[in-house]
Protein chains: 2
Amino acid sequence: MIKLYSKYKKHLVAVDSIIFGYDILEKELKLLVVKRSFNPAKGKWSLAGGFVESGESIDVAACRVLRNLTGLKNIYMKQLYCYGESARDPGARVISVAYWALIKIKSIDQKAAHENRAHWQSIKKLPKLIFDHTDMVERALEELRLRVRIKPVGFELLPEKFTLVQLLDLYEAIYQKPIDKRNFRKKILSLNILERLDEKEKVTSKKGAFYYSFNKANYKKLSKRDFYFNLDAG
Amino acid sequence: MIKLYSKYKKHLVAVDSIIFGYDILEKELKLLVVKRSFNPAKGKWSLAGGFVESGESIDVAACRVLRNLTGLKNIYMKQLYCYGESARDPGARVISVAYWALIKIKSIDQKAAHENRAHWQSIKKLPKLIFDHTDMVERALEELRLRVRIKPVGFELLPEKFTLVQLLDLYEAIYQKPIDKRNFRKKILSLNILERLDEKEKVTSKKGAFYYSFNKANYKKLSKRDFYFNLDAG
DNA sequence: CCAAAAGTGTTCGAATTACACCCATGA
DNA sequence: TCATGGGTGTAATTCGAACACTTTTGG
């Protein structure tokens, strides 16, 4: 058994994660990037990454890397793409599987993040990233924009309770363009997946805006029928 | 330089390809599968696959595997997903990057295919495939259905000249459901990416049906403007 | 009382759906 | 002449896009 496939070459396999967060005050989509602590490209900005260990599934590796950096588990995380150009990493031939994740900025473990030299950067002014990491971010952004339109994943970036204005701002930050307020509210409310709470957010306005929460149970029930989430926002 | 990353474990990396073809007479979408000639699972049905060699990019590896099996190059081929469960292959820990390809059945090199024990199977009655290959096919089918709706890739499965009836039949075979003939013709013709030839296909009917060809140049020109291919067929 | 943000409906045009008959021709 | 498959148009409905004023309340 151990001789099977023995004539074939093995490769280093890494995972790299595009970790999105949303700053609710600045109304900006952010990316978690780290300063590399080792060569090659030591001191340069890169995505959160790590190597896949023996006997470790790639999904688990990606979760491990995310957890080490942020202290978080059970996070919305999907595989994005496998990058396998032979010279993509100047240090060695490394095949990298990219993942993208959506997290709530406030929930991360500040200490772990700081120790790993992780920083949030606005996607509007990203620094240059090493290797093909900028390509990865672009692909992840496309995927996010596609995904957020057809699946209720935007909520992963917001607190448990949020106002419709905050949700709208999030979509505008993701698409980088203005969205009609009335049409947006009409659409999202008609889906019957939001629950209005008896509580208002009163910091940003005197009138106050109702908090809502995502009704995951109802979404699951609805999506078993012929219901489809579709937020054509602009 | 050669010592970088030296403490990390390496892995076997394979590529597996979901190769779709379309049988214009049977009006069926087909999958190219091969009988394994080596252990484990020798003699079982599997996807076309192979290992990534040193210094070979994964895209190149996938093309190589496809070329060896079918004699074809410059084929529509996209990465699908990277499968990295640690025990997915009982022979050894192998990480597999799946690709999906669209080819014209008639264009393949019969001799090469035969030597590699490759066979076309209707997607309506696929045999059991090894490992996680059935998952790969299902994912590829979803991707194909999504893709064929928003990009003009269906033509990759048809001969250079085809009738609108054949194109409709193809879409029905992909979606496995009937599509309204008039609406389909109206929609596809309104896109202005088909060119009607002065020639008819007269085998399947006495009246004959006009041949069309995909006008790739015009499609490229149009897609640079605000034009989007969208064939909401069903 | 007023500034500032939240909340609310309607109209118009475009796109999608449903649907049934005539045409051309070779046998 | 007739059986077979190719080709055509219109009406009804739905969906998305555009658009401006009223409400609430803390300072």
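In what follows, chains carry the letters A, B, and so on, assigned in the order in which the sequence lines appear, proteins first and then strands, with residues in each chain numbered from 1.
For the pair B/Phe184 CZ and C/dT16 C1', the interatomic distance rounds to 15 Å; values are reported in whole Å. A straight line from CD of B/Glu201 to P of D/dG5 spans 12 Å, rounded to a whole angstrom. Going from atom CD1 of B/Ile188 over to atom P of C/dT16 covers 13 Å, rounded to whole Å. A straight line from CG of A/Leu164 to C1' of C/dA5 spans 14 Å, rounded to a whole angstrom. Rounded to whole angstrom, the span from the CD1 atom of A/Ile179 across to the C1' atom of D/dG16 amounts to 14 Å. Regarding A/Leu167, its CG atom lies at a distance of 15 Å from the C1' atom of C/dA6, rounded to whole Å. Whole-Å rounding puts the A/Tyr212 OH to C/dG7 P distance at 6 Å. Atom CG in B/Asp169 sits about 12 Å away from atom P in D/dG5, given to the nearest Å.
Of the charged side-chain nitrogens involved, none lies within less than 4.0 Å of a carboxylate oxygen, so that B/Lys27 and B/Glu172 do not count as a salt-bridged pair. Ion pairing between a basic and an acidic side chain is recognised when a charged N comes within 4.0 Å of a carboxylate O; A/Arg139 and A/Glu143 show no such pairing.
In the model, A/Asp198 has no side-chain atom that pairs as donor or acceptor with a side-chain atom of A/Tyr211 under 3.5 Å.
Interatomic distance, B/Phe131 CZ to B/Tyr83 OH, rounded to the nearest 0.5 Å: 14.5 Å.
Judged by the 6.0 Å and 45° rule, A/Lys78 forms a cation-pi pair with A/Tyr76. Cation-pi contact between A/Lys128 and A/Trp45: absent, since separation from the ring centre below 6.0 Å together with deviation from the ring axis within 45° is not met.
Backbone-only contact: B/Thr204 has heavy atoms under 4.0 Å from sugar-phosphate atoms and none from a base.
Within the structure, salt bridge (charged side-chain N to carboxylate O under 4.0 Å, His left out) pairs that include any residue of residues 63-73 of chain B comprise B/Glu53-B/Arg64, B/Glu56-B/Arg64 (at least two apart or interchain).
Using cut-offs of 30° and 60° on the angle between ring planes, the pair B/Tyr219 and B/Phe214 is tilted.
Aromatic rings of B/Phe162 and B/Phe155 (six-membered ring for Trp) have centroids within the 6.0 Å cut-off, being under it.
Using five terminal pairs a side, the axes of the helix from C/dC1-D/dG27 to C/dA27-D/dT1 at its two ends make an angle of 10°, given in steps of 10 degrees.
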Worksheet item: For every nucleotide of nucleotides 18-27 of chain C, 5' to 3': is a protein heavy atom under 4.0 Å from its base (B), only from its sugar-phosphate (S), or from neither (-)?
Response: BBB--BBBB-
